[in-house]
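As structure tokens, the structure follows; a few thoughts come after it.
Just follow the structure's listing: the first ligand is 1, and inside any ligand the first atom is 1.
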Amino acid sequence: MNILITGGAGFIGNHVVRLFVNKYPQYKIVNLDKLTYAGNLANLKDVEAKPNYKFVKMDICDFEGVMRLMQAEHIDGIIHLAAESHVDRSIKDPFTFAQTNVMGTLSLLQAAKAYWESQPEKYEGKRFYHISTDEVYGALAMTHPEGIEPPYTTKASSGQHHLAYGDQFFTEELKYQPHSPYSAAKASSDHFVRAFHDTFGMPTIVTNCSNNYGPYQFPEKLIPLFINNIRHRKPLPVYGRGENVRDWLYVEDHARAIDTIFHRGKVAETYNIGGFNEWKNIDIVKVLINTVDRLLGRPEGADMDLITYVTDRAGHDLRYAIDSSKLQRELGWEPSLQFEEGIEKTVRWYLDNQAWLDNVTSGKYQDYYRDMYDKR
Ligand code: NAD
Ligand code: TYD
């Protein structure tokens, strides 16, 4: 197959590109990325010389450019990750999110439609796989009808026992209720992808994944930002009381799920991806402090006083919790790492790759960062 991966220079994208380039030497992998602040080709140094890999700097909104590229490379599969991805940025600048996430996805769909419909075999053997987020479902409550105090142990329909902070979970049937400009834009793009299946018969798949963590994540997101700050003994800006719950998945497990679903997922279906791994923000922050301190040979917990409670994020979703039973049951995917192992690997990676962090936290980003937190 000739596969176009969009957003391959970003956090999740580089792991997907690496997996596909290494696992499928018979495929041609074309990585299309605009290289915004979040795209970094240094993330792909280890694959850039591989014969089955090619990078193209392009904006997904460039319909003509994408069309020409698809024709030139005979693209028959698309894995679409390119997006603006940070909720705080979407609060400050929603236009960019509508432009890239909605208009960019539409432009990509139109280009794929025009190219594939011009081919004799039309949509046969083609696939448009759209990567989305669980944030489109909105926020879940932290209550239990019988008044049981969270977290409590429960059992998913896939049979897995796990800790939960409420009795409701995001399933594929849930209606969309996005709250942030980021999730509203992602929800809209999901609807466009499904509309292209329903209207034109394009073979599409949508997946909605929980929060990812791991190497190469831009240090504006909670986990890499805090690891970097702990190392440099800078304040850790915990929004509100740190009580919000997120469901965390190691990024390579997401990439493996994408591989499984791209090859074996059913057209027109939606799959939720997650590892039944809910954590309160404040508890993660404490794990990060203890891990960084231990690995740097500081007394464990010595940096707890860096925790700084700041004004809450506007419209901050209380709890995300994905039920990935369908994916586990139907396609046999399951996460390979326990959270404790994943966090240990992740902290070690950032401590060992300070040069990467320094590179991405240079000038422009620092201005943005200062601007953002000075208000608090
Ligand atoms: P990221 O911000 O790290 O990377 C986004 C990439 O897209 C960058 O390389 C950027 O240069 C590129 N890009 C942005 N605008 C572009 C444009 N107009 N044209 C071409 N390329 C463009 O994001 P990420 O965390 O890797 O997320 C990737 C995808 O996965 C997104 O669609 C996101 O919504 C989804 N997702 C992310 C998470 C998460 O926890 N990070 C969870 C679920 C789903
Ligand atoms: P983030 O990594 O931005 O992912 P998302 O908003 O997509 O879930 O944030 C994860 C959680 O951490 C979220 O509840 C917001 C919180 N948070 C902070 O408390 N402080 C911070 O500086 C950041 C970036 C996030």
*Does an N or O anywhere in N212 fall below 3.5 Å from an N or O of ligand 1?*
yes
*Can you tell me if N40 and Y216 form a side-chain donor-acceptor pair at under 3.5 Å?*
no
*asked:* Quick check on the 6.0 Å ring-centre criterion: do H86 and Y37 meet it?
replied: no
*Between F196 and H130, ring centroids under 6.0 Å*: no
*Is there a heavy atom of F226 sitting under 4.0 angstrom from any atom of ligand 2?*
yes
*Please say whether Y37 places an N or O atom under 3.5 Å from an N or O atom belonging to ligand 1.*
no
*Between E84 and ligand 1, does any nitrogen or oxygen pair lie at a separation below 3.5 Å?*
no
_Under a 4.0 Å threshold between the charged nitrogen and the carboxylate oxygen, would E344 count as salt-bridged to R348?_
yes
*asked:* Could you work out, for atom 29 (C) of ligand 1, the closest of T105, T207, L81 by heavy-atom distance?
replied: L81
*asked:* Please verify the inter-ring angle class for F170 with Y320; under 30° counts as parallel, over 60° as perpendicular, anything in between as tilted.
replied: tilted
_Between the side chains of K126 and E121, is the shortest nitrogen-to-carboxylate-oxygen separation below 4.0 Å, so that they form an ion pair?_
yes
*Kindly confirm or rule out an N or O of I12 lying under 3.5 angstrom from an N or O of ligand 1.*
yes
_Checking the N or O distance criterion of under 3.5 Å, is ligand 1 in contact with G10?_
yes
*Verify side chain to side chain contact (heavy atoms under 4.5 Å, CB included) between N52 and K28, making sure each step is shown before the conclusion.*
CA-CA 5 Å; N52 60 339; K28 176 164 65 184; 5.5 Å; no
*Would you tell me which option among R89, R241, Q217, R313 has the nearest heavy-atom contact to atom 3 (O) of ligand 2?*
R313
*asked:* Test of understanding: given a 4.0 Å heavy-atom threshold, classify the contact between H316 and ligand 2 as side chain, backbone, both, or neither.
replied: side chain
*What do we get for V310 next to ligand 2 when only non-hydrogen atoms under 4.0 Å count, side chain, backbone, both or neither?*
neither
_Nitrogen or oxygen of Y239 less than 3.5 angstrom from that of ligand 2_ = yes
*ligand 2 and E220, any nitrogen or oxygen pair closer than 3.5 angstrom?*
no
*Under a heavy-atom criterion of less than 4.0 Å, does Q99 contact ligand 1?*
no
_Plane angle bin for F97 and Y182 - parallel if under 30°, tilted between 30 and 60°, otherwise perpendicular_ = perpendicular
*Based purely on interatomic distance, does S85 place a nitrogen or oxygen under 3.5 Å from a nitrogen or oxygen of ligand 1?*
yes
_R256 and D253 ion-paired at < 4.0 Å_ = yes
*When only distance counts, is D33 in polar contact with ligand 1, meaning an N/O pair under 3.5 Å?*
yes
*asked:* Would I60 count as being in polar contact with ligand 1, using the rule that some N or O on each side must be under 3.5 angstrom apart?
replied: yes
*Is it the side chain, the backbone, both or neither of I223 that has a heavy atom closer than 4.0 Å to ligand 2?*
neither
*Between F276 and F169, ring centroids under 6.0 Å*: no
*Under 4.0 Å between a Lys/Arg side-chain N and an Asp/Glu carboxylate O for R89 and E84?*
no
*Backbone or side chain, does any N or O of D59 fall under 3.5 Å from an N or O of ligand 1?*
yes
*Within less than 4.0 angstrom of ligand 1, does S210 place any heavy atom?*
yes
_E243 and H316: side chain donor to acceptor below 3.5 Å_ = no
*asked:* Pairs of nitrogen or oxygen atoms closer than 3.5 Å, one from E135 and one from ligand 2: do any exist?
replied: yes
*Can you see which heavy atom on F63 is nearest to which on Q110, and at what distance?*
CE1-C, 3.5 Å
*asked:* If I compare all heavy atoms of E117 with all of F200, which pair ends up nearest, and what's the gap?
replied: OE2-CB, 4.2 Å
*Are any of the N/O atoms in V87 less than 3.5 Å from those in ligand 2?*
no
*Before signing off on this row, confirm whether N281 and ligand 2 have an N or O atom pair separated by under 3.5 Å.*
yes
*Sub-3.5 Å N/O-N/O distance, T36 and ligand 1*: yes
